[in-house]
Amino acid sequence: KMHIFQCSCHFWVKLLHLFNMDFADYVIDHLEELVPGTYLLRLMPQSGDIFSFKPGQFCQIKNPLYIRPTEVHMFSIASSPSERKYLEFCIKVYGDWTTALSLLQKGAVLQVAGPLGHFVWDQAQTQVVFLAGGVGIAPFMSMLRVQKELKYEGTTRLLYGSRTLDSIAYESEIDTIMSSLKDGKVIHILSHLDETDLWRGYRGFITEEILHKEVDLTRHPTFYLCGPPIFVQLMREVLKKLEVAPEYIRFELFARPMNT
């Protein structure tokens with residue numbers, strides 16, 4: 001049975017088997033359903049400070065109340081590194097573990113270890129394109145929040161693939177961030193609409209044609225990809241057809257949970 005981890009690459013899953021991470025107790029400060037089936041989770045350290053991290057990194061989380069309390073799941077951090085009160089995560093309910101998590105109450109304790117990962121936005125880049133599939137939006141929220149704080153003057157394009165309008169997480173905040181940037185734009189692509197739906201934007205999936213229209217490829221932007229394996233695979237194939245050099249592509253995938 002396939003469970004979802006939000007944005008952890010297979011390299012890190014293998015590597016984490018070799019190291020014992022130090023877990024700290026974090027308390028649920030806020031848990032709400034952002035859009036149907038997707039939850040916003042904010043965790044505060046029970047004691048001490050939040051660890052420092054970079055936009056795009058992820059954490060390991062264990063639920064000591066779960067039937068398998070040592071089972072570890074990885075989730076990208078959605079909050080900005082400048083937010084020192086809590087860590088924020090965007091979690092899709094998919095399987096028993098995330099279902100159990102969604103039913104927890106404020107004050108429940110989870111165990112967190114991190115940060116991990118090299119899927120990090122480079123602030124020196126002046127041209128970036130974020131390709132997000134579903135809850136693959138999580139690390140990009142951290143990156144976008146940092147861009148807003150820094151008053152980033154480069155070019156940012158977010159192509160955000162969702163099923164329907166109702167499934168777009170962070171929609172309002174993303175619009176606010178993009179309007180605050182010098183050259184920021186979000187492009188939504190919806191894959192599961194009815195033929196009678198009045199949506200005037202892109203339908204289906206992110207394609208070569210859409211990227212040609214929405215991205216200035218002559219400026220050699222760096223592409224960041226995050227989402228389910230099939231999404232990342234398709235995006236890599238599209239970028240290969242567009243002759244984007246590998247050094248301009250960074251990606252992370254969903255993977256399986258593990259037991260410590």
Side-chain angles (χ1 to χ4, degrees), residues 1-8 12-13 16-17 19-117 119 134-142 145 166-173 226 228 252 254-260:
K1 182 179 180 180
M2 183 70 180
H3 295 273
I4 286 182
F5 294 118
Q6 325 307 337
C7 294
S8 59
W12 281 100
V13 172
L16 289 172
H17 281 293
F19 294 93
N20 291 319
M21 301 294 296
D22 292 326
F23 283 83
D25 289 340
Y26 275 67
V27 177
I28 294 179
D29 178 63
H30 187 84
L31 180 62
E32 69 167 312
E33 194 170 25
L34 271 180
V35 294
T38 299
Y39 285 75
L40 182 149
L41 171 68
R42 288 178 179 168
L43 299 177
M44 297 179 64
Q46 196 166 57
S47 62
D49 299 322
I50 293 174
F51 48 73
S52 297
F53 65 92
K54 298 177 181 179
Q57 289 190 297
F58 67 92
C59 295
Q60 291 180 276
I61 298 181
K62 294 192 290 188
N63 178 3
L65 298 178
Y66 188 57
I67 190 171
R68 293 184 295 277
T70 62
E71 185 170 308
V72 176
H73 288 244
M74 285 72 155
F75 297 96
S76 293
I77 305 169
S79 46
S80 166
S82 68
E83 176 53 69
R84 305 308 300 157
K85 293 181 180 179
Y86 57 79
L87 294 173
E88 182 175 305
F89 304 93
C90 179
I91 299 174
K92 181 178 178 62
V93 173
Y94 189 93
D96 296 339
W97 194 94
T98 48
T99 298
L101 179 68
S102 72
L103 298 175
L104 293 175
Q105 302 296 314
K106 181 176 181 179
V109 175
L110 298 174
Q111 296 171 329
V112 179
L116 296 161
F119 186 69
V135 288
I137 191 62
F140 297 130
M141 287 308 302
S142 184
R145 286 164 166 167
D166 292 339
S167 67
I168 301 174
Y170 295 107
E171 182 180 11
S172 178
E173 183 179 356
C226 189
E252 284 198 318
F254 295 167
R256 292 182 181 272
M258 67 180 192
N259 288 304
T260 57

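- Interatomic distance, CG of Leu116 versus CZ of Phe53, reported as 12.5 Å (0.5 Å rounding).
- Residues that satisfy the side chain to side chain contact (heavy atoms under 4.5 Å, CB included) test with Ala108, not counting sequence neighbours, are Ile28, Leu104.
- Listed by chain and number, the residues in a side chain to side chain donor-acceptor pair (under 3.5 Å) with Gln105 amount to none (sequence neighbours excluded).
- For the side chain to side chain contact (heavy atoms under 4.5 Å, CB included) test, residues two or more places apart in sequence or in another chain that qualify with Asp166 are Thr164.
- To the nearest 0.5 angstrom, Glu32 atom CD is 12.0 Å from Lys106 atom NZ.
- Shortest non-hydrogen contact noted between Leu31 and Ser102 is CD2-O, 3.7 Å.
- Phe75 and His73 have parallel rings, their planes meeting at less than 30° on a 0 to 90° scale where 60° marks the start of perpendicular.
- Rounding to the nearest 0.5 Å places CZ of Phe58 at 13.5 Å from OG of Ser142.
- For Thr98 (side chain) and Tyr94 (main-chain N/O), a donor-acceptor pair under 3.5 Å exists by modelled atom type.
- Put simply, the side chain of Gln111 reaches to within 4.5 Å of the side chain of Asp25, judged on heavy atoms.
- Within the 4.5 Å cutoff, the side chain of Ile168 has no heavy atoms near those of the Ile137 side chain.
- Note: Asp96 CG to Ile67 CD1 = 9.0 Å, rounded to the nearest 0.5 Å.
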Listing, residues 79-90 side-chain donor-acceptor contacts under 3.5 Å, not counting sequence neighbours, or none:
unit_1	atom_1	unit_2	atom_2	d
Ser79	OG	Glu88	N	3.0
Ser80	OG	Ser82	N	3.1
Ser80	OG	Ser82	OG	3.0
Ser80	OG	Glu149	OE1	3.1
Ser80	OG	Glu149	OE2	2.8
Ser82	OG	Glu149	OE1	3.1
Ser82	OG	Glu149	OE2	2.8
Glu83	OE2	Lys85	N	2.9
Arg84	NH1	Pro81	O	3.3
Arg84	NH2	Ile50	O	2.3
Glu88	OE1	Arg42	NE	2.8
Glu88	OE1	Arg42	NH2	3.1
Glu88	OE2	Arg145	NH1	3.1
Glu88	OE2	Arg145	NH2	3.2
Glu88	OE2	Tyr170	OH	2.7

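- Of all the heavy atoms in Phe51 and Cys59, the pair that sits closest is CZ-SG, 3.4 Å.
- The heavy-atom pair separating Lys62 from Pro64 by the smallest distance is O-CD, 3.5 Å.
- A pairwise comparison of heavy atoms in Tyr66 and Ala100 identifies CD1-CB, 3.9 Å as the closest pair.
- Nearest heavy atom pair, residue Asp49 against residue Tyr26, reads O-OH, 4.2 Å.
- In plain terms, the two heavy atoms of Glu71 and Trp97 that are nearest each other are OE2-CD1, 3.5 Å.
- Side chains of Leu41 and Leu110 form a contact here, defined as non-hydrogen atoms less than 4.5 Å apart.
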